[in-house]
Amino acid sequence: MAYIDLHEGNLQEEHICCGFSDKKCAEGYAMKKSWLAGQFDQGYVFRRLDERAKVFIEYGPAETAWMPVSAPGYLMLGCFWVSGSYKSKGHGRALLESVISDARTQGKLGLAAVVGSKKYHFMSETKWLLAHGFVERDTTKAGFSMLTLDVDGKSGEACFTAPAKTGTCPESTGLTVYYSNRCPFCEYYVRETFTETAAKHGLPLTIHKIDTLEKARSAPTPATIFSLFRDGRYITTDLGVCLDNRFEKVFSD
C-alpha cells in the first residue's frame, strides 16, 4: 500500500480523491485545491492512496483547524474516507497509524476528531474511531462529539467553543447554510442547486461562506464543510439536502 502526501510541488498534477469525476463541481474542485495550498504552511497534511481512488485522510494542528474547537497540542482530523472496493483492506488503519506516528514525531498530545453521535455526512465513522481507541471528550446539543486519541499517556483540553455547543444559529427564520471550500462539492450544490430548492419551497435562504480561519473558529456549528439550519435550529450536514427530492425527505423524516 503506497500513500503520497500532497504539497505545493505536486498539488496541481495530483488528484484530491473526491470530486474528480463530477464536472459540475470543477470550480469547487479548484477551490478545494486553492484552500489546501493555503494550509500546507500551517502543517496541514493531505495523504492519499497512490491510486485513482477515494482513499485519504486530512489533518493538521488543532490550533489552526477550520472548526470551532479548542484542543491545543492535538492533531485534528479532517476528512477521512475509504470507499468502495478499497474498504476492509487495511487502508483506514494504515492511514490512522501514519497520523499517530506523525503525532509522536511532532511531540503532540494525540489526535482529535469531530464526529456525530450517529453517522453524520462528511464526518468520520464514530463507531470505527471509538473501536480504535478514541474516547469522547465533549458534546453539543446538535449531536456532535469531540473525540481524542491520546498517545504515550499524554492528555490535554479538547472541547468545542461556546457558539458551537448550542445547536442554533443567529438567524431565527428560514433556511441558513454555513459552508466552506473544504469540500469540492459545496460551491455548486449550495450556490446553484440549493438556491433553486429553497425558492421552489418559498423559503428564505441565508448563505454564510466560511472563507477565513476566523469565521471557521467562530462558527455556530462544528461541521464547517456544510451545515443547514432551519428557523435557527441545526438540521443536517447532508449536502444532499440541496437537491429537491432529498430536501423533501429530510423534512418529512
Side-chain angles (χ1 to χ4, degrees), residues 3-69 75-84 86 91-92 95 98-99 102 113-115 120-125 177-195 207-217 219 221-228 236-243:
Y3 303 99
I4 62 172
D5 287 357
L6 301 190
H7 50 76
E8 289 187 8
N10 66 7
L11 181 60
Q12 295 311 311
E13 58 264 26
E14 295 289 350
H15 75 77
I16 53 172
C17 297
C18 48
F20 53 66
S21 60
D22 192 338
K23 297 187 184 304
K24 300 188 302 300
C25 297
E27 181 184 14
Y29 190 80
M31 288 178 169
K32 170 64 184 278
K33 282 196 168 185
S34 178
W35 181 83
L36 280 172
Q39 301 306 305
F40 290 142
D41 62 357
Q42 302 292 329
Y44 199 79
V45 175
F46 186 109
R47 180 170 297 140
R48 67 163 175 82
L49 185 67
D50 193 11
E51 300 282 350
R52 192 170 176 80
K54 298 181 179 72
V55 181
F56 68 105
I57 195 167
E58 300 180 48
Y59 63 97
E63 292 86 347
T64 54
W66 278 46
M67 303 175 195
V69 298
L75 291 178
M76 179 66 65
L77 299 185
C79 286
F80 183 10
W81 193 5
V82 177
S83 69
Y86 293 90
H91 292 297
L95 288 168
S98 74
V99 185
D102 281 357
V114 174
V115 298
Y120 278 4
H121 293 77
F122 295 111
M123 291 194 165
S124 298
E125 179 65 52
V177 167
Y178 287 80
Y179 84 99
S180 70
N181 292 135
R182 289 177 55 213
C183 171
F185 299 111
C186 290
E187 194 70 28
Y188 173 80
Y189 284 99
V190 171
R191 293 291 181 180
E192 301 291 335
T193 306
F194 202 40
T195 53
I207 297 175
H208 295 283
K209 184 170 184 178
I210 299 171
D211 52 11
T212 67
L213 177 62
E214 291 72 24
K215 289 180 182 179
R217 303 289 286 187
T221 170
T224 54
I225 287 179
F226 174 83
S227 284
L228 172 65
T236 186
T237 65
D238 181 5
L239 189 62
V241 76
C242 296
L243 301 171

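- For the pair S83 (side chain) and K54 (backbone), a donor-acceptor distance under 3.5 Å is present.
- Taking both residues in full, the closest heavy atoms of A53 and C17 are given as O-SG, 3.4 Å, listed atom of the first, atom of the second, then distance.
- Considering only heavy atoms from C-beta on, Y3 comes within 4.5 Å of H91 through its side chain.
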* To do: Start with the C-alpha distance between W35 and Y44, add both sets of side-chain angles, then the distance that settles side-chain contact (heavy atoms from CB on, under 4.5 Å), and finish with yes or no.
  => CA-CA 11 Å; W35 181 83; Y44 199 79; 3.7 Å; yes

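- Between the side chain of S34 and the main chain of M31, no donor-acceptor pair closer than 3.5 Å is present.
- Taking 4.5 Å as the limit, every side-chain heavy atom of V45 sits out of range of all side-chain heavy atoms of V99.
- Looking at heavy atoms from C-beta onward, T237 lies out of side-chain contact with T221 at the 4.5 angstrom threshold.
- At least one side-chain heavy atom of Y179 sits under 4.5 Å from a side-chain heavy atom of R191.
- With a 4.5 Å cut-off on side-chain heavy atoms, Y120 and V115 do not count as touching.
- Counting only distance, with no hydrogens or angles, the side chain of K33 and the backbone of L11 share a donor-acceptor pair below 3.5 Å.
- In this structure, the side chains of C242 and L228 stay at 4.5 Å or more apart for every pair of heavy atoms.
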* Where do F194 and L239 land on the side-chain contact (heavy atoms from CB on, under 4.5 Å) test, with the steps shown first? -> CA-CA 9 Å; F194 202 40; L239 189 62; over 6 Å; no

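- Screening E27, K32, E187 against N181 for a side chain to side chain donor-acceptor pair (under 3.5 Å) leaves a single residue, E187.
- Considering every non-hydrogen atom in both C18 and P184, the closest pair reads O-CG, 3.5 Å.
- Rounding to the nearest 0.5 Å places CZ of F46 at 13.0 Å from CD of Q39.
- T224 places no side-chain N or O within 3.5 Å of a backbone atom of M67 that could act as its donor or acceptor partner.
- Under the 4.5 Å side-chain criterion, counting only non-hydrogen atoms from C-beta, V177 is in contact with F226.
- Formation of a donor-acceptor pair under 3.5 Å by the R217 side chain with backbone atoms of A65 is found in this model.
- Among all heavy-atom pairs drawn from S124 and F80, the shortest one is OG-CB, 3.4 Å.
- Residues R47 and Y59 meet the side-chain proximity criterion, which asks for heavy atoms closer than 4.5 Å.
- Aromatic pair H208/Y178: ring centres closer than 6.0 Å.
- With rounding to the nearest 0.5 angstrom, the SG atom of C79 is 6.0 Å from the CZ atom of R182.
- Here F56 contributes atom CZ and W81 contributes atom CH2; the two are 6.5 Å apart, rounded to the nearest 0.5 Å.
- Distance check: I225 CD1 to C186 SG gives 6.5 Å after rounding to the nearest 0.5 Å.
- Checked for salt-bridge contact, E14 and R48 meet the test: a charged N lies under 4.0 Å from a carboxylate O.
- To the nearest 0.5 Å, the span separating CG on L36 from NE2 on H7 amounts to 12.5 Å.
- Atom CG of residue N10 and atom CG of residue D5 lie 8.5 Å apart, to the nearest 0.5 angstrom.
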* Worked check of side-chain contact (heavy atoms from CB on, under 4.5 Å) between T195 and I207 -> CA-CA 9 Å; T195 53; I207 297 175; 4.1 Å; yes

